[in-house]
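What follows is a short report on a single structure.
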Amino acid sequence: MFALVDCNNFYVSCERAFNPSLRQVPVVVLSNNDGCLISRSAEAKALGLQMGEPYFQVKPLLEQHQVRVFSSNYALYGDMSRRVMHYLASVAPALEIYSIDECFLDLHGLDRYLHPDLATLGAEIRTQVHRRTKIPTCVGIAPTKTLAKLANRLAKKYPKLNGVCYLDTEQKRHKALALTPVEDVWGIGRQYADKLHAQGIRTAAQLAEQRENWARKFLGGVVGVRLLRELQGKVCQHLQPSEDGTLSRQSITYSRTFGTPLTAFPDVVGAVSAFTARAAEKLRRQGSAVNTLSIFLSKDRFSVEPPPYSFSTVVTLPVATSDTSELLRHVRSALKRLWQPDTVYKKAGVVFDGLETAGQQQLNLFASPNKGEVRDRLMQDLDRLNERFGAGAVHFAAAFVRKGERAAWDSRAAYQSPAYTTDWAQLWTIG
DNA sequence: TCTGGGGTCCTAGGACCC
DNA sequence: TCTGGGGTCCTAGGACCC
């Protein structure tokens, strides 16, 4: 059996955890640059506000209903997520952190020895997570990950279930499939949903009755076959345990829309250098080194001009590195290649691919080992200082911004709550 | 004025080699 | 002259997820 624990409206719930005046009223959280709605309280959903809607389009409606609006505050959400996951890691022998607000638990064994009724365990998880973090959750328990997802959705949708849905019998599995529209199945997006509707398939139950060859043909090959089997209760997707309770990535991206569009080369270099420095911090935090980096610059994707809106270039390094200064050198020369004069840029980013375990990189016969060690120590000190004194306390000249000033590329974030849990200066006060 | 950001997996097709 | 079949590696792009 697998359990899926999913936090309800996670970002809104994080804001509410520290601000009781937000309870029972409509609340939304905006994406980076205050662009779109990415988290909505139940009250906000009831007003008809949709996931991903552009903020500027719904602003009048938000004001009319006095919806409380927040810019996203990832320092807070990341820290709250760690607290939730830390507790969940104590519940089951193995867990897979699927996203910032979702976690799969492997319950094999538990069902037999510890908890004769797993629904009781699900209820206990909800109680404990809420007691420790004030974050509400729902729990779906089922024989496969896809069915656990489906069960979780039912737990959210039907209040009678008290936030826990346990598919322990064939009868319940059938009923759950029949109650689920096919477009709500994990792995069925817009394209496939349209295709399925055109063939008269409207529920997960109907989908589960199809033949494997049909799935192979119409649902993306082996992916579709696995989806079908998982709905039928046959395990195809195993738990991918998150070692030491953290998430380790195969690629790392840092990209941002600029607060104001940029036209000057030095501004763009400054922006991408700052992004590279942040991505390199993430890289070192997970103990990796990178051998392939892509750099991209984007124009206005909503412009009437024909595409392409985005231009990228790839740099393959002879030896993987996690050294910010080395990465910055490559980024600067890549930008010179990409740069087109008289162009308005709205967004840029870096992608690190081909991640290797740091220290186990292919040997470079020509590099002096001492130099590498000195750089590693420098990077460690840099990360420690920034952790202690706040991001950007120490940084590279290319990404320099005078203290207290906004960089030309800074995103808008007009409605940010304090970093209650991660910054001494912004500590939560009871008054 | 304003419409996010960060991931994963899979497939098809080209280049190249034997 | 004219031709087959297989294998590998890489990249671009599609589809999905939160």
Side-chain angles (χ1 to χ4, degrees), chain A residues 4-11 28-40 50-60 62 69-74 77-78 81 96-104 145-146 149 152-153 183-196 215-227 236-237 240 242 247-261 275 278-279 282-283 286 292 294 296 298 300-303 307-310 312-314 316 344 346-355 411-415:
Chain A
L4 176 64
V5 183
D6 188 352
C7 301
N8 306 349
N9 317 324
F10 182 58
Y11 298 164
V28 299
V29 174
L30 306 179
S31 67
N32 260 312
N33 218 31
D34 293 343
C36 300
L37 274 51
I38 53 169
S39 184
R40 305 157 294 152
Q50 299 298 311
M51 179 72 180
E53 256 184 313
Y55 172 53
F56 78 96
Q57 284 176 3
V58 292
K59 206 170 173 183
L62 297 176
V69 176
F70 290 86
S71 302
S72 39
N73 183 347
Y74 289 104
Y77 311 150
S81 174
E96 173 185 343
I97 299 173
Y98 179 69
S99 73
I100 194 165
D101 65 344
E102 275 177 70
C103 184
F104 285 104
K145 285 163 91 174
T146 305
K149 273 288 231 188
N152 188 284
R153 186 189 150 278
E183 62 269 26
D184 290 342
V185 171
W186 191 37
I188 301 297
R190 260 299 297 279
Q191 308 290 324
Y192 290 157
D194 289 350
K195 217 188 268 189
L196 292 169
R216 198 181 302 278
K217 192 165 169 194
F218 294 110
L219 290 181
V222 297
V223 183
V225 175
R226 283 205 284 256
L227 172 53
C236 298
Q237 302 201 56
Q240 301 179 296
S242 307
L247 203 49
S248 202
R249 297 297 191 180
Q250 297 173 40
S251 77
I252 291 171
T253 304
Y254 198 102
S255 76
R256 286 291 179 277
T257 301
F258 306 133
T260 47
F275 300 170
R278 301 302 299 273
K282 286 197 219 176
L283 184 73
Q286 74 166 48
T292 307
S294 322
F296 70 86
S298 303
D300 184 1
R301 68 191 166 104
F302 296 100
S303 130
Y309 302 117
S310 201
S312 67
T313 183
V314 178
T316 306
V344 178
K346 307 245 330 182
K347 177 179 176 177
V350 291
V351 183
F352 293 171
D353 271 311
L355 303 191
S411 297
R412 272 189 304 273
Y415 317 102

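Order of the sequence lines fixes the chain letters, A, B, ..., with proteins taken first and strands second; residue numbering starts at 1 for each chain.
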Quick one: is [X] getting a side-chain N or O under 4.0 Å of the [N] phosphate, OP1 or OP2?
{"X": "A:Ser251", "N": "B:dT8", "answer": "yes"}
{"X": "A:Gln237", "N": "B:dC9", "answer": "no"}
{"X": "A:Ser255", "N": "B:dG6", "answer": "yes"}
{"X": "A:Arg226", "N": "B:dC9", "answer": "no"}
{"X": "A:Thr257", "N": "B:dG5", "answer": "yes"}
{"X": "A:Thr253", "N": "B:dG7", "answer": "yes"}

- Query: According to the interplanar angle, ranging from 0 to 90°, do the rings of A:Phe258 and A:Phe275 count as parallel (below 30°), tilted (30 to 60°) or perpendicular (above 60°)?
  - Reply: parallel
- Parallel, tilted or perpendicular: ring planes of A:Tyr77 versus A:Tyr11, cut at 30 and 60 degrees: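 Parallel: the ring planes of A:Tyr77 and A:Tyr11 meet at under 30°.
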Whole-Å distance separating the [atom1] atom of [X] from the [atom2] atom of [N]:
{"X": "A:Leu247", "N": "B:dG5", "atom1": "CG", "atom2": "P", "value": "20 Å"}
{"X": "A:Lys346", "N": "B:dG5", "atom1": "NZ", "atom2": "C1'", "value": "16 Å"}
{"X": "A:Asn32", "N": "B:dC2", "atom1": "CG", "atom2": "C1'", "value": "15 Å"}
{"X": "A:Tyr77", "N": "B:dG5", "atom1": "OH", "atom2": "P", "value": "15 Å"}
{"X": "A:Phe258", "N": "B:dG5", "atom1": "CZ", "atom2": "C1'", "value": "14 Å"}
{"X": "A:Ile38", "N": "B:dG6", "atom1": "CD1", "atom2": "C1'", "value": "11 Å"}
{"X": "A:Arg278", "N": "B:dG5", "atom1": "CZ", "atom2": "P", "value": "14 Å"}
{"X": "A:Tyr254", "N": "B:dG7", "atom1": "OH", "atom2": "P", "value": "11 Å"}

Quick one: label [X] by what it contacts on the DNA or RNA (base, sugar-phosphate, nothing), any heavy atom closer than 4.0 Å.
{"X": "A:Lys347", "result": "sugar-phosphate"}
{"X": "A:Asp34", "result": "nothing"}
{"X": "A:Leu30", "result": "nothing"}
{"X": "A:Glu53", "result": "nothing"}

- Query: So which nucleotide from B:dT3, B:dC10, C:dC18 ends up closest to the side chain of A:Ser99?
  - Reply: C:dC18
- Query: Where the side chain of A:Lys282 is defined as all heavy atoms beyond and including C-beta, which of B:dC2, B:dG7, B:dC9 is the nearest nucleotide?
  - Reply: B:dG7
Check whether any side-chain heavy atom of [X] sits under 4.5 Å from a side-chain heavy atom of [Y], and report yes or no.
{"X": "A:Val69", "Y": "A:Tyr55", "answer": "yes"}
{"X": "A:Gln50", "Y": "A:Leu37", "answer": "no"}
{"X": "A:Arg256", "Y": "A:Lys347", "answer": "no"}

- Query: Hey, do the aromatic rings of A:Trp186 and A:Tyr192 have their centres closer than 6.0 Å?
  - Reply: no
- A:Tyr415 and A:Phe70 aromatic centres sub-6.0 Å: no
- Message: Testing the 3.5 Å rule here: is there a donor-acceptor pair between the side chains of A:Ser39 and A:Asn9?
- Response: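 The answer is no; no qualifying pair exists.
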- Hey, which of these two, A:Val222 or A:Arg256, hits DNA chain B nearer its 5' end, going by closest nucleotide? A:Arg256
- Message: For B:dA15, give the paired nucleotide (Watson-Crick: N1-N3 plus N6-O4 or O6-N4; G-U: N1-O2 and O6-N3; both under 3.5 Å), or none.
- Response: C:dT8
- Query: Reading nucleotides 12-17 of chain C from the 5' end, what letters show protein touch, with B for base, S for backbone sugar-phosphate only, - for no heavy atom under 4.0 Å?
  - Reply: ---SSS
- For C:dG4 and B:dC17, measure between their C1' atoms and round to the nearest Å. 15 Å
